[in-house]
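Because only heavy atoms are used, hydrogens play no part in the values below, and waters and symmetry mates are left out as well, while side chains stay in. Below, read A as the first sequence line, B as the second, and so on, with proteins coming before strands; counting in each chain starts at 1.
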Amino acid sequence: MSDVRVRFAPSPTGVLHLGGARTALFNYLFARHNRGKFLLRIEDTDKERSTDESTQAIISAMNWMGMHHDEDIVVQTTRIDAHRAALHKLIDNGHVYRCTCRPEERAAEREAALAAGKTFIHRCDCRDGQCRPDAPFVWRFRMPREGETVFDDLVQGHIVTANAEIEDLVIARQDGSPLYNFVVVIDDAFMGITHVIRGKDHLTNTPKQIQIYRALGLPVPQFAHLPLILGLSKRLRSAGVEHYRDQGYLPEGLINYISRLGWSHGDQEIFDYEEIIEKFDLASVNRSEGALDLQKMEWVNQQHIQKCDGARLAELVLPFLSREGVAVAPDDPRLRPAVETMRARAKTLVEMAQNMKFYFIADEGLPLDGDAVAKFFTDTTCPLLHQMADVLTAVGEWKEEAISAAVHGFIESTGLKLKDVAQPARTALVGRAAGPGLYETMAVLGRESTLARLRRAAPGLC
RNA sequence: GGCCCCGUCGUCUAGCGGUUAGGACACCGGCCUUUCACGCCGGCGGCACGGGUUCGAGUCCCGUCGGGGUCACCA
């Protein structure tokens, strides 16, 4: 047991997209690796955009990925009293001042400065107490003007920021409500966070927050800023975790891929969950951002499909089968063996369901691929398939070995080669020219369906 | 534009002063094979550029170029 405490702090304003999922994951991995705590905080201070549905969606996505948080969820809006108390503390010790500058004026100045190629940093006389007496005001934090703020980021390294470049940021609005850079400090301190692991887009917030920690007399945590995910369309990048779930990814496949994006352990590509936890290390996290590669993501997923426990895989593929329009009972005896024949042939559960649905479709309703029929259902092959069916009626126990023996016997009696009948037979059984091995297909299909499908073969049938 | 970060095959990466620059995905061949896959073997392909430092630089320093982030009374 260590004292490591980390948190994932999403705003409930949408789905959990891949970037957020990876931030959560790295926090989770770091916590578990160090036997520390992984906490969840909902940053809902933006009331306009925050929704309960969003909170639920994020939690459910995290659960699907197996990231379960410790302790109670902290909801930021319930912490308003603590935020107010902290503000008063800063007022009392002189770290903040009232500013009556009007935002519209400032915005204009900012744009002018930007257009002129200069840095705009808010500077006004309010800092020296020269405010308009009865005007509405915000609270600004009094940043030091001299020196620099330094911290050692666990990923990004030694980060130095000149204090003169840090603005006196607003920490409370005119209506008194506190702003992000202020509350995040208070709440992280309250939750006892030891390591703040977040996206690199927060890097420039960090020196501001460090100054606030100091002004409040709070211990400054360690920081680790993760490289962002690039590549792919904005749409795909911002797609939620559930989108990938619906595309047929296994949670461990998604986790494996996402964790390897920016982190590595030598040359190893495939990790199961426990292994990542065991080997995860912030020091091995890259500084440069990486791009999503769907093809590799699918390959990683395929590797996990191959490793997946059969019973679990069968259970996972069921909803995808029903989405394909075939209702299969969970206890259907064909399900498990069917899954085994598809395991090496599917990158996703969607693909698996599409490729294995032929097993469960009524024999007379099996759709046949036109090209395959044209090529393999001929005047010579179809009679052979019917004869093969007759031979197969004599098979005793309907098992792969017995079927194989029977088919081979039939082949020899006709003086043909297996390849002369294999593809026609596959077309009859599967509906197209690609599929699992002939005998295993027949074994899973059962005697009745096998015979019916073989006997149905006729030139031009579609 | 200011400030900050980054820059090894198309992509993800190993490398932490001396390597024929390694692996993975993708791609192209081949093997296996009743098809499709899986698997196996082989190939293609990279240190952004320019200066230094050093006996020696992908590795260290500077510059250039390129990419990203950030500059709210959002989070």
Measure from the side chain of [X], starting at C-beta and using heavy atoms only, and say which of [options] lies closest.
{"X": "A/Val138", "options": "B/rC73, B/rA37, B/rC36", "answer": "B/rC73"}
{"X": "A/Trp299", "options": "B/rC25, B/rA37, B/rC6", "answer": "B/rC25"}
{"X": "A/Leu228", "options": "B/rA26, B/rC36, B/rG69", "answer": "B/rG69"}
{"X": "A/Arg426", "options": "B/rG69, B/rU11, B/rU34", "answer": "B/rU34"}

Please give, in whole Å, the distance from [N] [atom2] to [X] [atom1]?
{"X": "A/Phe151", "N": "B/rC5", "atom1": "CZ", "atom2": "C1'", "result": "11 Å"}
{"X": "A/Ile121", "N": "B/rG2", "atom1": "CD1", "atom2": "P", "result": "14 Å"}
{"X": "A/Tyr439", "N": "B/rU34", "atom1": "OH", "atom2": "P", "result": "8 Å"}
{"X": "A/Asn286", "N": "B/rC12", "atom1": "CG", "atom2": "C1'", "result": "9 Å"}
{"X": "A/Gln295", "N": "B/rU11", "atom1": "CD", "atom2": "C1'", "result": "9 Å"}
{"X": "A/Leu226", "N": "B/rC12", "atom1": "CG", "atom2": "P", "result": "16 Å"}
{"X": "A/Tyr257", "N": "B/rA26", "atom1": "OH", "atom2": "P", "result": "12 Å"}
{"X": "A/Glu289", "N": "B/rG67", "atom1": "CD", "atom2": "C1'", "result": "7 Å"}

Euclidean distance for [atom1], [N] against [M] (whole angstrom):
{"N": "B/rG67", "M": "B/rA48", "atom1": "C1'", "answer": "11 Å"}
{"N": "B/rG29", "M": "B/rU20", "atom1": "P", "answer": "32 Å"}
{"N": "B/rG51", "M": "B/rC44", "atom1": "P", "answer": "29 Å"}
{"N": "B/rU33", "M": "B/rC38", "atom1": "C1'", "answer": "11 Å"}
{"N": "B/rG58", "M": "B/rU35", "atom1": "C1'", "answer": "46 Å"}
{"N": "B/rU19", "M": "B/rG42", "atom1": "C1'", "answer": "22 Å"}
{"N": "B/rC47", "M": "B/rC9", "atom1": "C1'", "answer": "10 Å"}
{"N": "B/rC12", "M": "B/rG69", "atom1": "P", "answer": "15 Å"}

G-U wobble or Watson-Crick pairing nucleotide for [N] (cut-off 3.5 Å, both distances):
{"N": "B/rG66", "answer": "B/rC6"}
{"N": "B/rU59", "answer": "none"}
{"N": "B/rC16", "answer": "none"}
{"N": "B/rU53", "answer": "none"}
{"N": "B/rG29", "answer": "B/rC41"}
{"N": "B/rA24", "answer": "B/rU11"}
{"N": "B/rG1", "answer": "B/rC71"}

Considering every strand and a 4.0 Å limit on heavy-atom distances, what is the contact class for [X]: base, sugar-phosphate, or nothing?
{"X": "A/Gly262", "value": "sugar-phosphate"}
{"X": "A/Leu179", "value": "sugar-phosphate"}
{"X": "A/Gln306", "value": "sugar-phosphate"}
{"X": "A/Gln268", "value": "nothing"}
{"X": "A/Gln303", "value": "sugar-phosphate"}
{"X": "A/Gly435", "value": "base"}
{"X": "A/Phe376", "value": "nothing"}
{"X": "A/Val170", "value": "sugar-phosphate"}
{"X": "A/Arg49", "value": "base"}
{"X": "A/Leu261", "value": "sugar-phosphate"}

Check your understanding: Is a side-chain N or O of A/Ser404 found less than 3.5 angstrom from the main chain of A/Glu400, in a donor-acceptor match?
Key ->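 Judged by distance alone, no pair lies under 3.5 Å.
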**Study point:** Any donor-acceptor pair under 3.5 Å from A/Arg140 side chain to A/Asp168 backbone
**Key:**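 Checking the backbone N and O of A/Asp168 against the side chain of A/Arg140, a donor-acceptor pair under 3.5 Å is found.
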May I ask you to verify if any side-chain N or O of [X] is less than 4.0 angstrom from the OP1 or OP2 atom of [N]?
{"X": "A/Thr45", "N": "B/rA75", "value": "yes"}
{"X": "A/Arg260", "N": "B/rA14", "value": "no"}
{"X": "A/Arg287", "N": "B/rG7", "value": "no"}
{"X": "A/Ser264", "N": "B/rA14", "value": "yes"}

Review point. Looking at A/Phe38 versus A/Phe30, is the centre-to-centre ring distance below 6.0 Å?
Key: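 A/Phe38 vs A/Phe30: aromatic centres not under 6.0 Å.
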Review point. Which sits closer to the 5' end of RNA chain B, A/His158 or A/Pro436, going by the nucleotide each is nearest to?
Key: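 Nearest nucleotide further toward 5': that of A/His158.
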Exercise for review: Fit a plane to each ring of A/Phe151 and A/Phe223, take the angle between them on a 0 to 90° scale, and name the class: parallel (under 30°), tilted (30 to 60°) or perpendicular (over 60°).
Suggested key: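 Perpendicular, since the angle between the ring planes exceeds 60°.
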Review point. Do the ring planes of A/His202 and A/Tyr180 sit parallel (below 30°), tilted (30 to 60°) or perpendicular (above 60°)?
Key: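 Aromatic pair A/His202/A/Tyr180 classed tilted.
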Check your understanding: Taking side chain as C-beta onward, heavy atoms only, is A/Ser11 less than 4.5 Å from A/Glu43?
Key ->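 In short, these two side chains touch, coming nearer than 4.5 Å.
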Hey, is the side chain of [X] pairing donor to acceptor with the base of [N] inside 3.5 Å?
{"X": "A/Glu165", "N": "B/rG2", "answer": "no"}
{"X": "A/Lys296", "N": "B/rA26", "answer": "no"}
{"X": "A/Gln174", "N": "B/rC73", "answer": "yes"}

Check your understanding: Planes under 30° and centres closer than 5.5 Å, is that true for A/His202 with the base of B/rA75?
Key ->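 It does: the two rings, one from A/His202 and one from B/rA75, meet the stacking criterion.
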Check your understanding: If you measure from the Lys or Arg side-chain nitrogens to the Asp or Glu carboxylate oxygens, is any gap between A/Glu440 and A/Arg343 under 4.0 Å?
Key ->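 Salt bridge flag = no for A/Arg343 with A/Glu440.
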Check your understanding: A/Gln268 and A/Glu275: side chain to side chain donor-acceptor pair (under 3.5 Å), yes or no, with the steps?
Key -> CA-CA 11 Å; A/Gln268 189 170 348; A/Glu275 215 175 355; 2.9 Å; yes
Check your understanding: Do A/His225 and A/Thr206 have side-chain N/O donor and acceptor atoms under 3.5 Å apart?
Key ->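 The answer is yes; a qualifying pair exists.
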